[in-house]
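What follows is a short report on a single structure.
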Amino acid sequence: MKRFILMFPFICILFTLLGCQSETTEMVVLDKITKISVSNSDGFGRLNENYIFSSQENKITSIFEGTIERSTLVNKEISQVTPDYDILVEYENQDSQGLHLILESSDQESYLTYIGYEDKVYRISQNDIESVRGLLKRGT
């Protein structure tokens, strides 16, 4: 019994530390996306509401939804770059999210961040970024 009492605080600390490690590595889609609006970015921390492209088409919202869901958290410092686009994601449940899109040249990686949380950077897969580039070219 005495041994258990001595071990109990260590077990509690271990579970606390393990719980802190459970940070998600993918971006989160809050609900079914109903509308995507894209604008040229004015920089980190704010959403430019002068949209150059907006769509409620299921095909387009599905492409963005998949892109967001498949983006993975990376350890990347981006404060020295300027986002290319701001994206307003509107959901069926009336929630919305603002994202920054950093669109590198076609042979480099591209990234998404939540507006206001630019310390968490998510890499976009090459296939997804090509789909997003196609939509942006079509929409602008």
Side-chain angles (χ1 to χ4, degrees):
M1 181 69 168
K2 185 176 180 182
R3 190 174 187 183
F4 175 74
I5 292 172
L6 291 174
M7 296 281 292
F8 185 73
F10 294 111
I11 293 171
C12 290
I13 291 170
L14 177 65
F15 281 120
T16 302
L17 291 175
L18 289 175
C20 293
Q21 297 289 327
S22 64
E23 183 176 339
T24 182
T25 58
E26 290 93 23
M27 295 191 93
V28 177
V29 175
L30 301 176
D31 197 7
K32 182 180 182 336
I33 295 177
T34 57
K35 186 176 181 182
I36 295 288
S37 301
V38 180
S39 59
N40 292 312
S41 184
D42 290 333
F44 288 116
R46 58 189 172 276
L47 177 73
N48 178 2
E49 294 182 15
N50 296 319
Y51 302 114
I52 57 172
F53 172 74
S54 190
S55 179
Q56 294 178 311
E57 270 184 62
N58 189 48
K59 180 180 176 182
I60 292 172
T61 58
S62 293
I63 288 171
F64 276 95
E65 187 169 320
T67 298
I68 293 167
E69 288 176 331
R70 288 184 291 273
S71 297
T72 55
L73 185 65
V74 293
N75 186 13
K76 174 95 174 153
E77 173 60 43
I78 58 166
S79 63
Q80 301 302 317
V81 299
T82 302
D84 298 290
Y85 297 98
D86 295 339
I87 303 170
L88 176 64
V89 181
E90 297 180 53
Y91 295 100
E92 194 169 68
N93 66 4
Q94 307 303 312
D95 281 343
S96 63
Q97 287 178 310
L99 305 172
H100 289 306
L101 172 61
I102 300 162
L103 197 59
E104 299 289 350
S105 63
S106 60
D107 61 335
Q108 295 180 325
E109 296 175 334
S110 296
Y111 304 96
L112 284 170
T113 66
Y114 292 108
I115 293 178
Y117 299 92
E118 289 82 8
D119 58 326
K120 296 203 190 292
V121 179
Y122 297 83
R123 180 182 22 234
I124 304 170
S125 77
Q126 195 62 39
N127 287 342
D128 285 331
I129 202 57
E130 293 308 319
S131 297
V132 170
R133 280 182 198 278
L135 291 175
L136 293 172
K137 284 180 184 174
R138 186 178 113 186
T140 57

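All heavy atoms count here, side chains included; hydrogens, waters and symmetry mates do not.
In summary, of the residues considered (Ile33, Asp31, Leu30), a side chain to side chain contact (heavy atoms under 4.5 Å, CB included) with Glu92 occurs for Asp31 alone.
Between Asn48 and Ser41, the side chains place no donor N or O within less than 3.5 Å of an acceptor N or O (distance only, hydrogens not considered).
Side-chain contact between Tyr114 and Lys120 is absent, with no heavy atoms from C-beta onward closer than 4.5 Å. Residues Tyr85 and Leu136 have side chains in contact (heavy-atom distance under 4.5 Å, counting atoms from C-beta outward). Under the 4.5 Å side-chain criterion, counting only non-hydrogen atoms from C-beta, Val29 is in contact with Tyr91. Residues Ile36 and Ile87 meet the side-chain proximity criterion, which asks for heavy atoms closer than 4.5 Å. Leu99 is not listed as a side-chain neighbour of Phe64, based on a closest heavy-atom distance of 4.5 Å or more. When side chains are defined from C-beta on, Leu47 does not count as touching Gln97, because their heavy atoms never get closer than 4.5 Å. Contact check for Arg133 versus Ser110: side-chain heavy atoms found under the 4.5 Å cut-off.
A donor-acceptor pair is defined here as one N or O able to donate and one able to accept, closer than 3.5 Å; no such pair exists between the side chain of Ser62 and the backbone of Lys59. Not one N or O on the side chain of Ser39 forms a donor-acceptor pair closer than 3.5 Å with the backbone of Asn50.
Note: Gln56 CD to Asn58 CG = 11.0 Å, rounded to the nearest 0.5 Å. Annotation: the span from Thr113 atom OG1 to Glu118 atom CD amounts to 5.0 Å, rounded to 0.5 Å. Atom CD1 in Ile124 sits 6.5 Å away from atom OG1 in Thr67 (nearest 0.5 Å). In this structure, the separation between CG on Leu112 and CG on Leu73 is 12.0 Å, given to the nearest 0.5 Å. The CG atom of Leu88 lies 4.0 Å from the OH atom of Tyr51; values are rounded to the nearest 0.5 Å.
Closest non-hydrogen pair, Asp42 versus Asp86, comes out as N-OD2, 4.1 Å. The nearest pair of heavy atoms linking Ile63 to Ser131 is CG2-CB, 3.8 Å. Among all heavy-atom pairs drawn from His100 and Ile115, the shortest one is NE2-CG1, 3.5 Å. The shortest heavy-atom contact between Asp128 and Arg70 is OD1-NH2, 2.8 Å. Residues Ser54 and Ser37 share a closest heavy-atom pair of OG-OG, 3.0 Å. Considering all non-hydrogen atoms of both residues, Phe44 and Ser79 come closest at CE1-CA, 4.4 Å.
Hydrophobic clustering, with ILVMFWY side chains joined whenever heavy atoms are under 4.5 angstrom apart, groups Val38 together with Tyr122. Each of Val121 and Val132 belongs to its own hydrophobic cluster when Ile, Leu, Val, Met, Phe, Trp and Tyr are linked at side-chain heavy-atom distances under 4.5 angstrom. Tracing side-chain contacts under 4.5 Å through hydrophobic residues (I, L, V, M, F, W, Y), one reaches Ile52 starting from Leu101; they form part of the same cluster.
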